**Q** 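This is the structure I have questions about; it appears just below.
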Amino acid sequence: MTAPVTPAGGPPDQARASLLVCSPLRLEAMAVRRGLGGAGQVRVTGYGPARSRRQAAVLADDGFGLLAVAGVGGGLTDDLTPGDLVVGTEVSDGSTTTRCSVAPLLAGELRRAGLRVKAGPVITVDRLTGGPSRRQLADGGAVVADMESAPLAAAAGERPVAVLRAVSDTPARPLLHPGIVTGGLAALRSLRAASPVLARWAAAAGPRRVLLAGPRSFCAGVERAIEIVEKVLDQRGAPVYVRKQIVHNTHVVADLERRGAVFVDELSEVPDGACVVFSAHGVSPEVRAEAARRGLDAVDATCPLVAKVHAEARRFAADGYLVALIGHAGHEEVEGTLGEAPESMALLQTAEDVASLRPADPGKVAYLMQTTLAVDEAAGVSAALRDRFPTARAPGSDDICYATTNRQQAIRAVAADSDLVLVAGSANSSNSVRLVETAERAGTPAHLIDGPSDIQLGWLEGVSTIGLTAGASAPPAVVDDIIAALSGLGSVEVTERVITTENIRFSLPKEVRAP
Ligand code: SF4
């Protein structure tokens with residue numbers, strides 16, 4: 001699949017972009033110029049909508065590559081204080097709306113620089129806003145108001161555009177408040193502190209190719225686990241308790257929390273008789289027994305492929321084997337699997353750990369694997385085990401699941417042709433972390449990102465092809481968000497490389513199936 005992504009992107013042959021910053025007032029332009037350090041041109045475009053519209057007519061024919069509008073603005077929401085920065089996700093004057101795709105990248109970069117930042121819509125108004133109209137604008141979704149940005153931003157046309165406003169006044173400290181002077185000074189200081197980020201935007205800008213690895217994102221076990229929580233919420237109503245994160249992804253967890261799920265670390269946090277869902281990573285028999293003892297309404301979202309490893313552990317242990325589990329200490333799946341037969345199991349994290357095994361009978365050693373390991377790394381540990389115990393029994397079928405294997409093969413296929421690999425996934429997602437390591441082992445620098453705001457602009461300098469994938473617990477929408485944000489740096493040509501297609505689906509547990 002090849003698809004050009006055009007929102008706010010430039011033409012495909014766009015050269016490395018030159019930055020033009022429009023600041024309505026001379027004081028604002030001075031603050032920006034000092035922070036920018038010569039990385040772009042700063043133009044004073046005049047105060048108010050009429051001057052901005054006149055400037056916009058001139059700008060449309062200007063040869064800049066990137067356009068930023070930077071100045072002070074009136075905060076509309078109660079959480080803002082003077083000196084806070086607002087990065088516009090879009091800017092509108094009611095008749096024209098311009099999307100600013102780069103907003104998450106700039107907001108993330110500003111936060112990492114230690115500045116207080118909010119990303120959201122900017123509204124351009126014809127006159128200064130007082131109390132009631134300020135509230136009205138906030139009710140419409142805007143975060144900050146100004147009198148210039150919308151016509152200027154619209155003049156960028158297809159070229160990338162950013163709007164940066166430093167808050168000088170807020171609902172609590174309005175324009176006629178005695179603190180307006182200190183608020184204005186705080187805003188100018190923030191504007192100066194933020195301007196180096198505009199320089200980094202310009203340095204990272206340019207046309208790019210994105211190689212999308214396929215398959216990527218949700219696997220069947222994650223889809224099933226999320227669906228179980230959704231069904232339990234529908235059928236039993238909120239709150240629904242979930243022991244541990246249902247899957248290791250911040251977006252999934254935040255979304256379900258909004259809908260009434262309550263995530264807890266231990267069953268002791270669940271009220272007696274309440275409904276509790278066990279996560280996709282599985283639980284030990286001890287946890288199940290405690291839930292039964294407490295009379296909890298337990299629904300099990302353990303992935304069937306994790307449950308299969310649990311069953312193998314029970315079977316080997318019952319047959320008198322020492323069961324070596326190849327996996328990572330502390331991971332919930334590993335804790336759950338080890339809990340199946342704690343007296344008969346040992347954890348192997350590396351090939352060196354094999355030396356520590358002390359089986360009662362060296363002829364009765366078996367091994368299992370965590371489902372989300374790197375295939376090549378796990379093979380090294382199992383080879384070391386078989387070297388020492390040549391008769392060691394392997395699992396009946398691969399423990400490392402199809403989704404983990406497919407995603408690793410897919411990222412290997414695109415990493416070779418990429419200057420940089422981005423993996424969408426949360427830091428505690430084992431399979432996502434393994435994707436980063438797989439790309440790095442293929443010789444390509446790689447980073448794990450929860451979303452576009454984690455992308456550091458410095459990573460993108462000199463990078464023309466980005467390999468992009470998502471771990472099995474990361475929603476597909478995050479990948480779309482990342483591509484959209486990259487289009488705020490210039491045109492993006494997206495090509496998908498699919499190494500295999502997946503059509504696995506797991507049935508739901510009887511507790512949530514329709515009667
Ligand atoms: S990554 Fe594999 S084992 Fe884990 S939930 Fe997905 S399908 Fe199941």
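What you see below is based on every heavy atom in this structure, not just the backbone, and it leaves out hydrogens, waters and symmetry mates. First listed ligand is number 1; within each ligand, the first listed atom is number 1. All values derive from a computational prediction rather than experimental measurement.
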**Q** Are Q409 and T438 packed together at the side-chain level, in the sense that at least one heavy-atom pair is separated by less than 4.5 angstrom?
**A**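 SC-SC contact between Q409 and T438 ruled out.
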**Q** Under the criterion side-chain hydrogen bond (donor to acceptor under 3.5 Å, both in side chains), I'd like the reasoning laid out for S464 against D419: C-alpha separation, chi angles, the key distance, then a yes or no.
**A** CA-CA 7 Å; S464 59; D419 306 310; 3.2 Å; yes
**Q** Show me which atoms of ligand 1 lie under 4.0 Å from any heavy atom of C401.
**A**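 Those of ligand 1 that fall under 4.0 Å from C401 are 1 (S), 2 (Fe), 3 (S), 7 (S).
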**Q** Would you call the rings of W459 and H447 parallel, tilted or perpendicular, taking 30° and 60° as the class edges?
**A**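 Rings of W459 and H447: parallel, under 30°.
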**Q** If hydrogens are left out, which of T302, V222, T371 has an atom nearest to atom 3 (S) of ligand 1, that is, the closest non-hydrogen atom?
**A** T371
**Q** Is the shortest heavy-atom distance from the side chain of L267 to the side chain of F278 under 4.5 Å?
**A**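 Yes, side chains in contact.
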**Q** Considering residues at least two apart in sequence or located in another chain, which fulfil the salt bridge (charged side-chain N to carboxylate O under 4.0 Å, His left out) criterion with E377?
**A**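 Residues passing salt bridge (charged side-chain N to carboxylate O under 4.0 Å, His left out) with E377: none at all.
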**Q** Need the ligand 1 atom indices (1-based, order shown) with element for anything under 4.0 Å from a heavy-atom of Y402.
**A**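 Every atom of ligand 1 under 4.0 Å from some heavy atom of Y402: 7 (S).
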**Q** N/O/S of C303 less than 2.8 Å from atom 8 (Fe) of ligand 1?
**A** yes
**Q** Where's the contact between C219 and ligand 1, heavy-atom distance under 4.0 Å: side chain, backbone, both or neither?
**A**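 Answer for C219: side chain.
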